[in-house]
Amino acid sequence: MHHVVIGAGPAGVVAAEHLRKYDPDSSVTIVGGEEEPPYSRMAIPYYLVKRIPEGGTHLRKSSGYYDRMGIDVKHGRVTGVDTNANAVSLDGGGSVNYDKLLIATGASPVAPPIPGTDLDGVRNCWDLPDAREIIKYCEPGKRIVLIGAGFIGCIILEALVASGAQVHVVEMENRMVPRMMNETAGGLIGQWCGDKGIEVHTGTRVESIDEKNGALSVSLGDGGRLDADLAITATGVAPNIGFARDSGIDVDEGLLVNEYLQTRSENVYAAGDCAQGRDFSTGEYSVQAIQPTAVEHGRIAARNMARGHEHYHWGNVNMNVLDTMGLISSSFGLWMGADGGDSAELLDKNEYRYLNLQFKDDVLVGASSLGLTEHVGVVRGLIQSKTRLKNWKDKLRKDPTRLMEAYLANTQAVGHNAHVL
Amino acid sequence: MLKALQLEPEKCTGCLQCEMACSYENEGVFNPAKSRIKVFNFHDEGRFAPYTCTQCDEAWCLYACPVEAIAINAGTGAKEVLGDTCVGCKVCTIACPFGTVNYNSSTGKVIKCDLCGGDPWCAKACPTGAITYVDADGTGMERMRAWARQGMPPAGASVNAPAEKEIPNYESA
């Protein structure tokens with residue numbers, strides 16, 4: 001049995017390790033599209049802020065690891081999948097045959113529709129080559145314009161500001177991280193950034209980027225104009241699935257998979273940022289493009305590839321945790337609310353603390369927070385276990401911070417549950 | 001045989017000796033906020049519940065880590081944070097469905113229970129036997145672990161008719 005994994009990010013590497021574990025006699029090959037050892041994009045912000053060397057981004061760090069695991073790591077860009085011949089074709093003419101294939105090719109940045117994004121000095125912040133380029137501009141006096149205040153934009157702000165560069169952020173929505181935070185929380189993140197010396201421009205878009213006298217000139221929709229040495233575009237990503245079109249695999253927003261993460265082609269599975277898998281909260285199929293979902297997809301797909309369909313995929317809770325220059329925010333599931341649901345909210349603007357819980361009936365279905373670092377994972381636990389909160393919903397409405405108590409009281413041998421009262 | 005922390009809330013008096021011992025031995029300060037074990041207070045019932053990582057087999061935290069900074073200690077079975085490798089991205093803190101991995105802003109890294117290398121101080125500090133370190137089989141941890149393994153609701157959970165229950169009415173906020 002030859003398992004082939006295309007993509008050397010977290011989904012691909014975790015899947016390969018689990019294929020090795022579940023199917024010890026098989027051969028396992030990873031085909032990675034980049035000329036790097038398998039690495040984690042999630043670690044790039046920490047490389048930019050110089051907390052880790054470049055090698056600190058590598059997914060597995062001990063030398064000879066993949067050889068010892070019996071995982072063959074090849075470099076090559078996949079250009080097509082022939083699901084009849086069970087083979088993937090590579091850039092340059094080679095091909096790799098598979099018995100089972102996992103597509104974990106991730107995503108790539110989408111260039112915003114702005115004239116001038118092809119100029120030198122305009123970069124994405126997505127892969128290691130981008131990071132190596134951006135780090136050259138991280139020095140005092142440099143002028144950096146960040147286009148897009150989403151997750152990636154916010155998480156690299158600390159590195160940019162810490163370098164002494166002068167930073168402007170432009171976000172077309174009315175607040176920071178609009179896909180993760182409501183107006184209250186997103187507005188507070190913007191205020192936090194402003195207090196730290198960042199010029200935040202929300203509710204306006206970049207109209208064009210021009211080059212003048214060796215520097216960039218960024219024109220805004222509100223008439224403003226920003227001079228810059230570097231413009232970073234961080235306006236969203238899209239799945240790397242072009243090669244899979246016309247291959248017998250259903251392609252929508254991402255690669256469509258069933259509840260076993262299998263595509264329409266029997267021997268082909270998909271995982272991570274390229275897969276359009278089930279969302280736990282909505283029951284619908286969507287591309288989440290987050291680290292925890294990528295690795296869980298990888299584990300589940302590997303098990304189903306190696307052992308037959310024994311792991312049903314109930315869907316992933318969409319969730320994120322973000323550190324914007326020291327202000328920690330998180331969002332889970334239906335953080336924006338559920339139809340027919342209700343909510344509880346706690347806000348301390350001066351301390352930048354916020355907690356918003358969303359309920360459907362007496363079940364927690366979503367949450368968002370600022371400044372919450374203790375026991376935050378229990379939000380996921382409560383959502384994913386669909387724990388009925390019973391009288392604890394009322395208590396959470398009075399004090400939303402008592403999430404752990406609500407969880408323990410309803411799931412563990414505490415008080416009445418212990419049958420000792 | 002692997003050992004595990006056995007937590008028996010009905011024996012807990014809420015004295016917080018475990019939190020003090022944990023924070024002192026692991027962080028060098030008597031600061032319950034830095035303890036990896038936490039006693040939750042059910043003041044209206046007069047009850048307390050000590051709770052920490054169950055070292056679950058699923059190891060959500062370990063797999064969610066993007067930089068291989070959580071590893072299994074082969075001797076104890078504990079999932080340990082490698083402080084030198086952790087970048088403080090906090091993905092493990094949202095991935096752990098039990099809420100037992102916390103971010104420590106003073107170090108910029110995450111902390112979780114590591115069983116103190118096989119001799120947990122919380123158990124030694126507990127005066128009432130609410131926290132003991134015993135052979136893993138008899139701990140009742142199995143039930144908690146089963147929940148961790150399951151991770152997702154059992155088949156059909158979302159289509160069962162809800163059981164009859166009292167639904168309180170709330171005024172809108």
Side-chain angles (χ1 to χ4, degrees), chain A residues 10 14 40 42-43 45-46 51-52 56-57 59-61 280 283 291-292 295-296 299 312 314 319-321 323 326 328 330 332 342-345 361-362 373-381 384-386 388 390-391 393-394 397 403-405 407-409 411-416 418 420-421, chain B residues 7-10 12 33 38 40-42 44-49 51 58 60-61 63-69 85 87-105 108 110 140 143-144 147-148 150-153 155 157-158 162-163 165-168 170 172-173:
Chain A
V14 167
S40 170
M42 277 292 299
Y46 308 96
R51 195 176 296 175
I52 51 172
T57 66
L59 282 165
R60 300 293 176 258
K61 296 182 177 65
F280 180 86
Q291 164 89 10
V295 295
E296 280 161 36
R299 294 167 77 185
Y312 191 89
W314 286 99
M319 56 189 181
N320 260 312
V321 60
D323 188 330
I328 294 157
S330 60
F332 296 84
D342 59 346
S343 65
E345 195 176 42
D361 205 347
D362 68 341
T373 56
E374 304 254 296
H375 315 296
V376 63
V378 78
V379 173
R380 178 204 186 166
Q384 195 168 275
S385 60
K386 297 187 178 177
R388 291 224 171 258
K390 303 191 274 284
N391 61 331
K393 179 176 173 185
D394 200 18
R397 286 186 55 101
L403 284 162
M404 268 308 271
E405 287 91 334
Y407 160 72
L408 292 171
T411 60
Q412 305 293 317
V414 179
H416 289 284
V420 293
L421 289 180
Chain B
L7 307 175
E8 296 174 84
E10 62 275 19
C12 178
K38 186 85 189 161
F40 292 92
N41 189 342
F42 298 83
D44 40 4
E45 288 184 56
R47 297 256 148 207
F48 301 92
Y51 197 66
E58 284 293 313
W60 304 92
C61 59
Y63 290 110
C65 178
V67 294
E68 204 182 14
T85 310
V87 294
C89 78
K90 311 167 199 68
V91 171
C92 56
T93 70
I94 60 168
C96 168
F98 307 102
T100 56
V101 189
N102 289 334
Y103 177 66
N104 179 353
S105 56
V110 297
R143 196 170 51 82
M144 289 148 82
W147 195 90
Q150 167 190 324
M152 307 288 166
S158 57
K165 65 189 182 306
E166 193 181 331
I167 301 172
Y170 301 101
S172 56

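Here is how names work: the chains are called A, B, and so on, in the same order as the sequence lines, proteins then strands, and each is numbered from 1.
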When the 4.5 angstrom heavy-atom criterion is applied to V295(A) and chain B, the contacting part is side chain
(message) For the backbone of S343(A) and the side chain of R397(A), can you confirm whether one donor and one acceptor N or O come within less than 3.5 Å of each other?
(response) yes
Practice item. Kindly indicate whether the side chain of R380(A), heavy atoms from C-beta on, has any atom under 4.5 Å from the side chain of I94(B). Key: no
Under 4.5 Å to a heavy atom of chain A? For C92(B) that would be neither
field: Under-4.0 Å salt bridge between R388(A) and D361(A)
entry: yes
Whatever's closer than 4.5 Å to a heavy atom in chain A on A69(B) counts as neither
Okay, Q291(A) and chain B: the region with an atom under 4.5 Å from a heavy atom over there is side chain
Taken in chain and number order and not counting sequence neighbours, the residues that satisfy side-chain contact (heavy atoms from CB on, under 4.5 Å) with V87(B) are Y46(A), I52(A), V67(B), C89(B)
Scored by heavy-atom pairs under 4.5 Å with chain A, the best of K38(B), E68(B), K90(B) is E68(B)
message = In the structure I gave you, are the side-chain heavy atoms of F42(B) and L408(A) within less than 4.5 Å of one another anywhere?
response = yes
Residues M319(A) and P292(A): closest non-hydrogen pair is CE-CB, 3.8 Å
Residue from L403(A), V14(A), V378(A) scoring the most non-hydrogen pairs under 4.5 Å with chain B is V378(A)
Okay, V376(A) and chain B: the region with an atom under 4.5 Å from a heavy atom over there is both
So the salt bridge (charged side-chain N to carboxylate O under 4.0 Å, His left out) pairs with at least one residue in residues 95-104 of chain B (sequence neighbours excluded) are none
Bottom line for R51(A): the part with an atom under 4.5 Å from chain B's heavy atoms is side chain
Quiz item: Side-chain contact, heavy-atom cut-off 4.5 Å: Y407(A) with Y51(B)?
Solution: yes
Chain A shares the most heavy-atom pairs under 4.5 Å, among V110(B), T85(B), N102(B), with N102(B)
Greatest number of non-hydrogen atom pairs under 4.5 angstrom with chain B, of M42(A), M404(A), H375(A), falls to H375(A)
Bottom line for D44(B): the part with an atom under 4.5 Å from chain A's heavy atoms is side chain
Honestly, the part of I328(A) sitting under 4.5 Å from a heavy atom of chain B is side chain
